[in-house]
Amino acid sequence: MVSRLRLRGQCAVCRSWDAQALCSDCVARFEPPLARCRRCGLRTAVAVPMCGACPAEAPPFEACSGGCDYAFPWDRLIADFKFNGRLERAAPLAQRLLDAVQRDGAPRPAWVLAVPLAPQRLAGRGYNQAWELARRVARALGCRADAQRLDRPLAGAHQAELALAQRLSNLRGAFVPNASRRVSLQGLHVAVVDDVMTSGATLREAAAALRRAGAARVDAWVLARTPAPAD
Ligand SMILES: [Zn+2]
Ligand SMILES: [Zn+2]
């Protein structure tokens with residue numbers, strides 16, 4: 001009879017054995033506190049409630065929480081999670097988002113939703129990475145969550161392949177409220193989750209669609225934020 005040792009977790013970054021999926025040393029080292037605009041999530045030089053751009057062109061979401069920089073090691077971990085089928089990355093990455101939301105003191109929403117994938121992309125990947133984060137964070141916070149409150153009927157081009165101006169027009173009308181869901185968002189506070197925020201176009205469009213569906217307030221919760229070129 002072969003007996004097996006129960007090995008403890010190995011940190012996905014430094015490979016230390018006495019660790020969880022992400023050890024506290026790596027989290028402290030690679031997720032330093034960064035000053036960000038509370039409204040749009042952009043990095044700011046000092047801690048201010050709002051960046052210079054937001055007063056003139058505020059996004060349709062009320063606040064943005066989360067957003068470690070999309071850089072080592074988070075870029076690699078997220079790519080594994082998203083493109084290489086490493087679904088076991090979902091729990092430790094969701095923990096990063098949960099910690100950030102709680103650190104920001106974000107108010108608890110009635111619903112936590114995820115930026116949807118187009119049906120073809122969902123079929124190819126087998127899961128929506130944003131929903132895998134959203135449902136775990138919602139469960140930890142005791143909020144309701146719904147994977148299908150928003151639909152994304154059109155596949156569109158990969159956002160990453162488009163210039164900034166094209167991203168917004170590519171997304172216009174990309175999200176529609178799912179009329180078959182009986183739950184109404186009328187007058188409710190909703191948080192919408194995505195894994196990576198680059199230009200912010202996707203979350204802006206999703207938030208705008210939720211506002212059109214009656215949500216009184218939409219917050220954006222993102223795991224990682226692509227740093228601006230100047231950062
Ligand atoms: Zn580590
Ligand atoms: Zn801002």
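Whatever order the structure lists them in is the order used to number ligands and atoms, beginning at 1.
- In this structure, D104 contributes its side chain and A106 its backbone to no donor-acceptor pair below 3.5 Å.
- The Zn ion (ligand 2) is the vertex of the angle joining SG of C37 and SG of C54, which measures 110° to the nearest 10°.
- Taking backbone and side-chain atoms together, C64 has no N/O/S atom less than 2.8 Å away from the Zn ion (ligand 2).
- When rounded to 10 degrees, the angle formed at the Zn ion (ligand 1) by SG (C14) and SG (C26) equals 110°.
- A salt bridge links D69 with R36; the closest basic N to acidic carboxylate O contact falls under 4.0 Å.
- Between R135 and V193, every side-chain heavy-atom pair lies at or beyond the 4.5 Å cut-off.
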- Item | Candidate pair W221 and V137, rule side chain to side chain contact (heavy atoms under 4.5 Å, CB included), full reasoning | CA-CA 10 Å; W221 291 356; V137 171; 3.8 Å; yes
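- Seen from the Zn ion (ligand 2), atom SG on C40 and atom SG on C51 lie at an angle near 110° (rounded to 10 degrees).
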